[in-house]
Amino acid sequence: MHAIETFNLTKRYGSITAVDHLNLKVKRGEIFGYLGHNGSGKTTTIMMLCGLVEPTEGGATVAGFDVQREVLEVKKRIGFLPENASYYDNLTARQNLEFFGELAGLAKKERKERSKELLNLVGLGEWKDIKVGKFSKGMQQRLGIAQALIRDPEVLFLDEPTSGLDPQGTRDIRNLILKLGREEGKTIFLSSHLLAEVKQLCDKVGILKRGKLSAIGSVRELARQLNRDNLIKIELEVDSLDAALRAVRDISGINEVIKEDGKIIIRAERDIRREVFYAVSGSGLEILSLKLVEPSLEEVFLKAYEVE
Ligand code: ATP
């Protein structure tokens, strides 16, 4: 069974279709990256999956329960970190968390123990008695993650969890997400507009464009899937670039050969490293390196945005 499954999930606001017939599956224990520009429909999707916004059409299950018909069962099994979470500045981290525990229906003893455990887990153990008004944005996000974990959820939704954080705060939150996914076995649905983030954290990525899923897969699968027409990029370092250009240009299957940053870049329909090697070394040139380059996620992402 999948942790999250959507069936033509759609949300319209008047003439705007925020989410358009979304079909995706997220496996249990997976860290799923939901990548899209501002306004592409990420938050709306998350709100529907958390049972906070009614779909206009289609549906979804989370932790095996229907987000419309079994919303209470869904809510018991999820944690949600909204994009702009806020806390009670005059309460300490521990008091804030115990309060959320109370709202979640935990008994006094349980919420005290759980809060202590979670503050340690997110690295706020030493700060538990400090008022949240004194917290940096990164510390507030850690508290937000602790809050999302209060009911020990199966599925954790994190909406742009590193937005507005400095590099250290970003690193801390990313490490925490990895820990929750890899060590605690949580299913994590993470929305982001940062390519580097999903590349670093996610097992699988879905790219959202104007409410539509334009591609889905692991970074490697996406690269293959989206780059089908211009698949192969070969980098050649050689002692004479101009002579190498002349040597390779007539090899069949080449789409483009250019000089870039002191190297020869070849784009081809197939892997022609062997032909390149023979042509270049046969011309008496010395090959310093010859390698196949995986397209970067940036390239893949841009490509996905071109796909209509
Ligand atoms: P961001 O990264 O800026 O948070 P997003 O990818 O999360 O963007 P959404 O917030 O889901 O995108 O918005 C998708 C579209 O739906 C946008 O055009 C937005 O203006 C519109 N939208 C979202 N919520 C509402 C609402 N309550 N009423 C009307 N339109 C809305």
Side-chain angles (χ1 to χ4, degrees), residues 4-26 31-62 67-68 71 74-75 78-87 137-138 140-141 144-145 147-148 155-167 169-170 173-174 177 187-202 204-217 219 222 226 297-298 300-308:
I4 301 171
E5 199 166 354
T6 72
F7 314 92
N8 288 324
L9 186 67
T10 301
K11 181 69 191 178
R12 281 188 281 273
Y13 291 108
S15 60
I16 295 172
T17 305
V19 177
D20 195 355
H21 295 90
L22 180 74
N23 287 297
L24 60 81
K25 289 178 184 171
V26 177
I31 305 183
F32 181 82
Y34 199 44
L35 195 60
H37 287 313
N38 289 341
S40 56
K42 303 183 298 295
T43 301
T44 306
T45 306
I46 291 181
M47 300 287 268
M48 286 193 284
L49 294 176
C50 291
L52 299 169
V53 161
E54 277 278 304
T56 316
E57 197 187 319
T61 60
V62 173
V67 296
Q68 288 164 282
V71 66
V74 170
K75 285 185 179 170
I78 62 169
F80 173 36
L81 175 70
E83 196 176 351
N84 293 306
S86 58
Y87 309 95
K137 177 92 169 82
Q140 289 195 13
Q141 284 299 79
I145 291 178
Q147 180 234 307
V155 186
L156 197 54
F157 291 93
L158 307 175
D159 197 0
E160 306 259 3
T162 61
S163 125
L165 299 190
D166 62 20
T170 299
I173 292 295
R174 288 185 187 165
I177 293 169
T187 305
I188 300 178
F189 188 101
L190 167 122
S191 88
S192 178
H193 62 272
L194 303 171
L195 304 170
E197 183 156 284
V198 297
K199 194 173 173 185
Q200 181 194 348
L201 302 178
C202 300
K204 202 167 166 189
V205 181
I207 299 179
L208 195 68
K209 182 186 173 185
R210 280 187 248 115
K212 282 199 167 93
L213 198 64
S214 67
I216 187 165
V219 171
L222 280 183
L226 296 164
L297 188 59
E298 283 77 2
V300 168
F301 185 71
L302 290 174
K303 189 103 183 161
Y305 268 55
E306 286 164 18
V307 177
E308 283 302 332

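Whatever order the structure lists them in is the order used to number ligands and atoms, beginning at 1. Any value given below was found using the heavy atoms of this structure, including those in side chains, with hydrogens, waters and symmetry copies removed.
- Ring centroid separation for the pair F189 and F157 comes in under the 6.0 Å cut-off.
- Taking every heavy atom of both residues into account, P161 and L190 meet most closely at CG-CD1, 3.5 Å.
- Looking at every heavy atom in both residues, N23 comes nearest to F7 through OD1-CA, 3.3 Å.
- Within ligand 1, the atoms closer than 4.0 Å to a non-hydrogen atom of K42 are 2 (O), 5 (P), 6 (O), 7 (O), 8 (O), 11 (O), 12 (O), numbered from 1 in the order shown.
- Not a single heavy atom of G36 sits closer than 4.0 Å to an atom of ligand 1.
- With ligand atoms numbered from 1 in the order given, ligand 1 contributes 2 (O) to contacts under 4.0 Å with heavy atoms of E160.
- For the atom pair T162 OG1 and K137 NZ, the distance stands at 9.5 Å (nearest 0.5 Å).
- The protein atom (non-hydrogen) at minimum distance from atom 27 (N) of ligand 1 is Y13 CE2, 3.5 Å.
- The proximity of E83 to ligand 1, defined as any non-hydrogen pair under 4.0 Å, is limited to the side chain.
- Note that atom 20 (O) of ligand 1 has no protein non-hydrogen atoms nearby, at separations under 4.0 angstrom.
- Here the protein heavy atom with the shortest distance to atom 16 (O) of ligand 1 is A18 CB, 3.3 Å.
- Shown here for G36 and K42, the closest heavy-atom pair between the two residues is O-NZ, 2.9 Å.
- G41 N, 3.1 Å is the protein heavy atom nearest to atom 12 (O) of ligand 1.
- Protein heavy atom in closest approach to atom 9 (P) of ligand 1: T44 OG1, 3.6 Å.
- Close approach of ligand 1 to S40 (heavy-atom distance below 4.0 Å) involves ligand atoms 5 (P), 6 (O), 12 (O).
- Of the possible donor and acceptor atoms, none in the side chain of K199 sits under 3.5 Å from a partner among the backbone N and O of L194.
- Here the rule is side-chain contact (heavy atoms from CB on, under 4.5 Å) with M48, and of V67, V19, T6 only V19 fits it.
- Annotation: the span from I46 atom CD1 to L158 atom CG amounts to 8.0 Å, rounded to 0.5 Å.
- Checking atom 25 (C) of ligand 1 against the protein gives a heavy-atom contact under 4.0 Å.
- Rounding to the nearest 0.5 angstrom, the gap separating the CD1 atom in I145 from the CG atom in L156 is 7.0 Å.
- The two residues S192 and V198 come nearest to each other via the heavy atoms CB-CG1, 4.1 Å.
- In terms of protein heavy atoms, atom 14 (C) of ligand 1 is closest to G39 O, 3.4 Å.
- Residue-ligand proximity, T43 to ligand 1, at heavy-atom distances under 4.0 Å covers atoms 4 (O), 5 (P), 7 (O), 10 (O), 11 (O).
- The contact set between ligand 1 and H37, taken as ligand atoms under 4.0 Å from a residue heavy atom, comprises 6 (O).
- Residue-ligand proximity: M47 is placed with every non-hydrogen atom at 4.0 Å or more from ligand 1.
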